[in-house]
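Index from 1, following the sequence. In this text the structure is predicted, and so the values were computed from the model without any measurement.
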Amino acid sequence: THAQYIGISNAAATKSVNDVPQRLITEIELLNIKEWDRSNGKFSDSELNEYGQLSPNTLEELAKKGDLKAIQTLADHEAILGNTERSLELWNWAAVHGSTEALMRFAYRHGGDYVSSKRSEDALDALAYMNAAATRGDLFTKHVHIDSFYRTNNFYPTAEQQAYIDSRSN
């Protein structure tokens with residue numbers, strides 16, 4: 001989660017990232033980050049494990065009420081069962097309910113397709129999902145995932161491609 005990443009940053013607070021000196025964050029800032037994570041579909045393993053113990057019927061009832069943890073747990077269960085189409089529907093539902101984690105799942109899917117195919121359309125779709133997450137306030141995606149995708153894949157969009165990414169992510 002973001003909070004874990006920030007915690008690592010705190011341990012190395014004397015270093016700089018992109019030539020911007022880092023500072024220790026306060027406990028209040030850390031709590032705010034953790035709350036933002038939870039409200040945007042980023043949960044700790046322990047939070048997800050507790051939902052993993054619930055029955056599918058209970059998860060369905062919670063999901064109908066917009067509970068992101070329940071929706072995402074159901075999506076993972078469906079994927080494990082091989083119900084890819086249903087899993088994708090649930091991840092889409094989670095994205096509609098504000099989950100940037102869901103947007104990143106779609107980004108990873110398209111990013112993986114790009115690594116296999118080297119089709120620029122796959123890279124553009126992956127970056128559009130990442131950009132949508134960043135636009136919703138996911139700073140970790142904005143400052144880490146997008147740059148990492150560029151560098152790892154040596155894929156830097158042209159101005160025309162960036163315009164496509166921007167239009168797809170709004």
Considering all heavy atoms of both residues, which atom of Ala134 and which atom of Ile146 are nearest to each other, and what is their separation? CB-CD1, 4.3 Å
Residues in side-chain hydrogen bond (donor to acceptor under 3.5 Å, both in side chains) with Ser46, at least two apart? Ser44
So how far is it from Asp37 CG to Phe140 CZ, rounded to the nearest 0.5 Å? 10.0 Å
Qualifying salt bridge (Lys or Arg N to Asp or Glu O under 4.0 Å) pairs, either residue in residues 95-106, two or more places apart: Lys42-Glu101, Asp76-Arg105, Glu101-Arg105
Quick check: is Tyr150 connected to Val144 through a chain of hydrophobic side chains (ILVMFWY, heavy atoms under 4.5 Å apart)? no
With hydrophobic residues grouped by side-chain heavy-atom distances under 4.5 Å, do Leu48 and Ile80 end up in a single group? no
Taking only residues two or more places apart in sequence or in another chain, which ones pass side-chain hydrogen bond (donor to acceptor under 3.5 Å, both in side chains) with Tyr51? Asp67
Close side-chain approach of Thr73 and Leu54, heavy atoms under 4.5 Å: no
Can you run down the salt bridge (Lys or Arg N to Asp or Glu O under 4.0 Å) pairs that involve residues 87-96, sequence neighbours left out, and say none if there aren't any? Arg86-Glu89
Could you measure the distance from the NE2 atom of His145 to the CE atom of Met104? Nearest 0.5 Å is fine. 4.5 Å
Tightest non-hydrogen contact, residues Leu68 and Ser99, listed as CD2-CB, 3.9 Å
Are any side-chain N or O atoms of Ser169 and backbone N or O atoms of Asp166, one a donor and one an acceptor, separated by less than 3.5 Å? yes
For the hydrophobic clusters of this structure (ILVMFWY residues joined by side-chain heavy atoms under 4.5 Å, transitively), does one cluster hold both Tyr108 and Val115? no
How about CG on Leu81, more than 12 heavy atoms from neighbouring residues, nucleotides or ligands closer than 6.0 Å, or not? yes
Cut-off 3.5 Å, no hydrogens considered: what does the side-chain donor-acceptor table look like for residues 117-128, sequence neighbours left out?
| residue | atom | partner | partner atom | Å |
| --- | --- | --- | --- | --- |
| Ser117 | OG | Asp113 | O | 2.9 |
| Ser117 | OG | Arg119 | N | 3.0 |
| Ser117 | OG | Asp122 | OD2 | 2.7 |
| Arg119 | NE | Asp122 | OD2 | 3.2 |
| Arg119 | NH2 | Asp122 | OD1 | 3.1 |
| Asp125 | OD1 | Tyr164 | OH | 3.4 |
| Asp125 | OD1 | Arg168 | NH1 | 2.5 |

Answer yes or no: are there more than 12 heavy-atom neighbours, outside Arg109 itself, under 6.0 Å from its atom CZ? no
Under 4.5 Å between side-chain heavy atoms, counting indirect links through other Ile/Leu/Val/Met/Phe/Trp/Tyr residues: same cluster for Trp36 and Ile28 or not? no
Would you say the side-chain atoms of Glu78 pair up with the backbone N or O of Leu90, donor to acceptor, closer than 3.5 Å? no
Nearest-0.5 Å distance that lies between atom CG in Asn92 and atom NE2 in His97: 10.0 Å
Over all heavy atoms of both residues, which pair between Gly111 and Phe149 is shortest? Give the atoms and the distance, please. CA-CE1, 4.0 Å
Nearest heavy atoms of Ala70 and Leu59, plus distance in Å: CB-O, 3.6 Å
If you look at every heavy atom in Asn40 and Gly98, which pair is closest and at what distance? OD1-O, 3.3 Å
In this structure, would Leu88 and Leu74 fall into the same cluster of hydrophobic residues linked by side-chain contacts under 4.5 Å? no
Would you say the side-chain atoms of Ser87 pair up with the backbone N or O of Asn83, donor to acceptor, closer than 3.5 Å? no
Leu103 CG to Phe106 CZ distance, which is reported to the nearest 0.5 Å: 8.0 Å
Between Lys34 and Phe43, is there a side-chain heavy-atom distance shorter than 4.5 Å? no
Going by ring pair (Phe, Tyr, Trp, His ring centres under 6.0 Å), name the residues that satisfy it together with His110, two or more places apart in sequence or in a different chain. Tyr129
When every non-hydrogen atom of Gly66 is compared with those of Ile71, the smallest separation belongs to C-CD1, 4.2 Å
